[in-house]
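Report on one structure; see the data block that follows.
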Amino acid sequence: QVQLVESGGGLVQAGGSLKLSCAASGRTFSNFAMGWFRQAPGKEREFVAAISWSGISTYYADSVKGRFTISRDNAKNAVYLQMNSLKPEDTAVYYCGGRNALRGSTYYLRTYEYGYWGQGTQVTVSS
C-alpha cells in the first residue's frame, strides 16, 4: 500500500503562483510513476501533468503547458507541482495519483491507470 497526501493548496489571485506537494509513504516510491489531476465542481477529473519514476520523462496538458512544472524528489518520497501564472480556470481540487511502473521513462495520462490517490487539495484562483 502507498499513502499519498497532498498539500500546498490555497487562495491566490490570478497571475500568482502556488506549489503543491504530494508526500508518499508505504511502498517503494521510487518505482512509482506519478501524476497530478484536478477536478472542478460539476466536471470530471482531468489530467494535468505526469512524471516517470526516474524523473526523466514528463508530460503536460495543453492547458497548463508552459505555466506548470512537475518534479519529484525520490529521496524525500515527494512529487511537486509548481503552478505559475495561475488563471481562474485553474480553480479545482488537485489530486496526486501514483502507480507502479516497470520502466523509468513511462508516465500515465488517464485516471484509470492510477491505483493510488491522495485526498486532494483545493486551489482557488480569484480574478
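- Scored by the salt bridge (Lys or Arg N to Asp or Glu O under 4.0 Å) test, R103 finds no partners at all (sequence neighbours excluded).
- Atom-to-atom distance recorded for W36:CH2 and I51:CD1 is 11.5 Å, nearest 0.5 angstrom.
- The cluster map of Ile, Leu, Val, Met, Phe, Trp and Tyr, joined by side-chain heavy atoms under 4.5 Å apart, puts Y116 and Y94 in the same cluster.
- M34 and Y95 sit in two unconnected hydrophobic clusters of ILVMFWY residues. Membership requires side-chain heavy atoms under 4.5 Å apart, directly or through other members.
- The CG atom of L81 lies 11.0 Å from the OG1 atom of T121; values are rounded to the nearest 0.5 Å.
- Between F68 and L18 the shortest side-chain heavy-atom distance does not fall below 4.5 Å.
- Atom CD of Q39 sits about 9.5 Å away from atom CD of E46, to the nearest 0.5 Å.
- Rounding to the nearest 0.5 angstrom, the gap separating the CG atom in L109 from the OG1 atom in T111 is 11.0 Å.
- Residue I56 shares its hydrophobic cluster (ILVMFWY side chains chained together at separations under 4.5 Å) with no other residue.
- Under the 4.5 Å side-chain contact rule for hydrophobic residues, M83 and Y59 do not share a cluster.
- None of Y112, F47, Y108 except one satisfies the ring pair (Phe, Tyr, Trp, His ring centres under 6.0 Å) rule with F37; the exception is F47.
- Sorted by first and then second residue, the pairs that involve residues 10-68 and meet disulfide bond (SG atoms under 2.5 Å apart), not counting sequence neighbours, are C22-C96.
- Note on Y60: it clusters hydrophobically with V48, by side-chain heavy-atom contacts below 4.5 Å among ILVMFWY residues.
- Under the 4.5 Å side-chain contact rule for hydrophobic residues, Y107 and L4 do not share a cluster.
- A side-chain donor-acceptor contact under 3.5 Å links S57 to the backbone of S105.
- Screening residues 74-83 for side-chain hydrogen bond (donor to acceptor under 3.5 Å, both in side chains), with sequence neighbours left out, gives R72-N74, Q82-N84.
- With sequence neighbours excluded, the residues forming a side-chain contact (heavy atoms from CB on, under 4.5 Å) with A40 are K43, A92, listed by chain and number.
- One finds the CG atom of N31 at 11.5 Å from the OG atom of S52 (value rounded to the nearest 0.5 Å).
- Taking NZ of K87 as the reference point, atom OG of S127 lies at 14.0 Å (rounded to 0.5 Å).
- Every salt bridge (Lys or Arg N to Asp or Glu O under 4.0 Å) that K65 has, sequence neighbours left out, goes to D62.
- Between D90 and R67 the shortest side-chain heavy-atom distance falls below 4.5 Å.
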Report task. Tell me, with the steps shown, if E89 and V125 meet side-chain contact (heavy atoms from CB on, under 4.5 Å). Result -> CA-CA 8 Å; E89 51 264 44; V125 184; over 6 Å; no
Query raised in the report: Does the pair Y114 and R99 meet the rule for a side-chain hydrogen bond (donor to acceptor under 3.5 Å, both in side chains), with working shown?
Result: CA-CA 5 Å; Y114 288 84; R99 62 156 290 161; over 6 Å; no
